[in-house]
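Data first, discussion second: the structure below is written as structure tokens.
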Protein chains: 2
Amino acid sequence: MAGARGSQTEMAVLGALSIEPMTGYALREAIRDVLGHFWSESFGQIYPTLATLERHGHVTRGGSTRAGSSLFAITTSGTERLRDLLRQPVQATPPRNGLLLRLFFGRSLGVEACRALIAQARVDAQRRLDEFDAIAAQVAGETQHSDDMLFWLLTVSAGRHSARATLAWADESLAVLDAAPPAPADRNETG
Amino acid sequence: MAGARGSQTEMAVLGALSIEPMTGYALREAIRDVLGHFWSESFGQIYPTLATLERHGHVTRGGSTRAGSSLFAITTSGTERLRDLLRQPVQATPPRNGLLLRLFFGRSLGVEACRALIAQARVDAQRRLDEFDAIAAQVAGETQHSDDMLFWLLTVSAGRHSARATLAWADESLAVLDAAPPAPADRNETG
DNA sequence: GCCCGCATGTAACTGGTTACATGATTGT
DNA sequence: ACAATCATGTAACCAGTTACATGCGGGC
């Protein structure tokens with residue numbers, strides 16, 4: 001569990017606790033709501049990870065918000081552990097883009113369905129872009145630690161660039177499909 | 001195995017065979033080399049998937065290139081199956097961007113390490129962009145089926161937009177970090 | 001003859017997700 | 001009291017990856 005593999009979950013958990021102590025439940029929500037744009041952890045991994053980290057002394061189960069719940073806080077060794085983890089090389093996840101896979105086989109899927117997929121991708125990208133704009137404004141206004149703010153805005157900016165790129169690609173692609181002859185799906189009309 | 005889950009592997013395999021018949025080995029290489037920019041299948045899944053598809057009559061094991069090897073070809077029912085699969089809704093994969101996760105905790109990682117990560121991301125994006133340019137030229141030149149070419153160029157274009165967005169984000173981010181005070185990692189030198 | 005690349009598979013392991021089980025606290 | 005939510009965990013399952021086992025054919 002301390003191998004190079006499970007380290008990503010550890011990184012997210014320790015990182016979140018490095019900002020402020022919280023319960024496992026709050027941790028889950030923080031990861032979903034704050035890191036959600038570029039990271040996700042499944043529910044069932046948070047508590048086991050917390051247990052492992054506690055065994056290694058990287059986090060402590062401190063004073064309770066109320067009976068039955070515990071506030072997890074990062075320790076000094078946990079801070080060191082986080083630093084070590086952050087310094088590990090980024091492991092590239094194998095790409096799996098369901099949209100592009102379908103478009104690649106667009107001849108079999110049909111031009112109309114492709115158009116619909118791209119249009120939907122455009123809508124999604126626009127929504128994401130709006131969300132990022134809102135988040136950027138919120139982060140710039142609320143965040144107390146200006147040290148953190150700089151980096152948080154960096155991740156938001158990445159999302160915005162990505163969303164804008166998708167928008168541009170979608171517009172360009174829809175134009176290309178409009179210009180192309182509306183051949184029906186998978187027909188060989190070479191005769 | 002015929003559930004909504006394993007369907008993505010089936011889609012890639014059937015799609016590849018819809019272009020031309022090949023051996024399982026060639027299939028693996030085609031998926032790696034041709035779909036590699038947006039899709040990946042692990043080796044150990046291709047043969048089981050082929051076996052399942054054969055049982056369902058979606059592919060046939062045809063004439064051999066030489067003893068011991070078989071050419072897999074898509075059948076009529078396989079073509080239908082492919083169409084059905086392609087029409088299934090795109091299932092979004094939960095985001096897991098190790099780079100952004102590290103940058104988000106940049107205060108703990110340190111400004112210098114962040115700069116290095118972004119610089120590396122820039123190098124990678126530039127390399128991808130060059131590759132896409134080469135692929136686009138190659139596809140436009142070689143491809144016989146102009147029906148396929150249109151869609152293939154769409155996926156290449158997506159890669160280019162994405163790579164260019166990463167380049168722009170990296171440049172912008174490096175400028176931001178240069179402008180910011182070079183505070184060392186995780187130190188409180190407020191005293 | 002021997003090694004390398006093509007070719008087909010299987011087995012074991014790992015990481016991640018979902019669903020389930022349980023109970024405390026708070027507000028109505 | 002009752003429902004909703006907070007909170008902590010466990011068990012079962014599934015998908016995907018890696019490594020291993022095997023054998024043929026052709027070139028050196």
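Numbered from 1 within each chain, the chains take letters A, B, ... in sequence-line order.
Picking from C:dA7, D:dA19, C:dT17 the nucleotide with the shortest atom distance to the side chain of B:Y47 gives C:dA7. With D:dT17, C:dA7, C:dT17 as the choices, the nucleotide that has an atom nearest any side-chain atom of B:P94 turns out to be C:dT17. For B:R61, counting side-chain heavy atoms from C-beta on, the closest listed nucleotide (D:dT8, D:dT10, C:dG9) is C:dG9. For A:S69, taking side-chain heavy atoms from C-beta onward, the closest of the listed nucleotides D:dG16, D:dA7, C:dT8 is D:dA7. Nearest nucleotide to the B:T9 side chain, out of D:dG16, C:dT8, C:dT17: D:dG16.
Put simply, the side chain of B:S40 never gets that close to the backbone of B:G36: no donor and acceptor are under 3.5 Å apart. Between the A:R28 side chain and the A:Y47 main chain, no donor and acceptor come within less than 3.5 Å of each other.
The terminal axes of the helix from C:dG1-D:dC28 to C:dT28-D:dA1, fitted over 5 pairs per end, subtend an angle of 10° to the nearest 10°.
When the side chain to side chain donor-acceptor pair (under 3.5 Å) test is applied to B:D133, the partners found at least two apart in sequence or on another chain are B:R160.
Among the protein residues, B:R28 comes within range of no part of the nucleic acid, since none of its heavy atoms lies under 4.0 Å from any strand. Backbone-only engagement by B:G24 is indicated by non-hydrogen atom pairs under 4.0 Å involving sugar-phosphate atoms exclusively.
The aromatic rings of A:F104 and B:W152 sit parallel, their planes meeting at an angle under 30°, below the 60° perpendicular limit.
To the nearest 0.5 angstrom, B:D148 atom CG is 5.0 Å from B:I19 atom CD1.
Proximity of B:S42 to the phosphate of D:dT17: a side-chain N or O atom is located under 4.0 Å from OP1 or OP2. Taking 4.0 angstrom as the limit, B:Q45 places a side-chain polar atom (N or O) nearer than this to OP1 or OP2 of D:dT17.
Along DNA chain C, the nucleotide nearest A:F43 and the nucleotide nearest B:F72 are compared for position; the residue whose nucleotide lies closer to the 5' end is B:F72. Comparing B:G44 and A:S40 along DNA chain C, the residue whose closest nucleotide (by nearest heavy atom) sits nearer the 5' end is B:G44.
Under 4.0 Å is where a charged nitrogen must lie from a carboxylate oxygen, and between A:R81 and A:E10 at least one such pair does.
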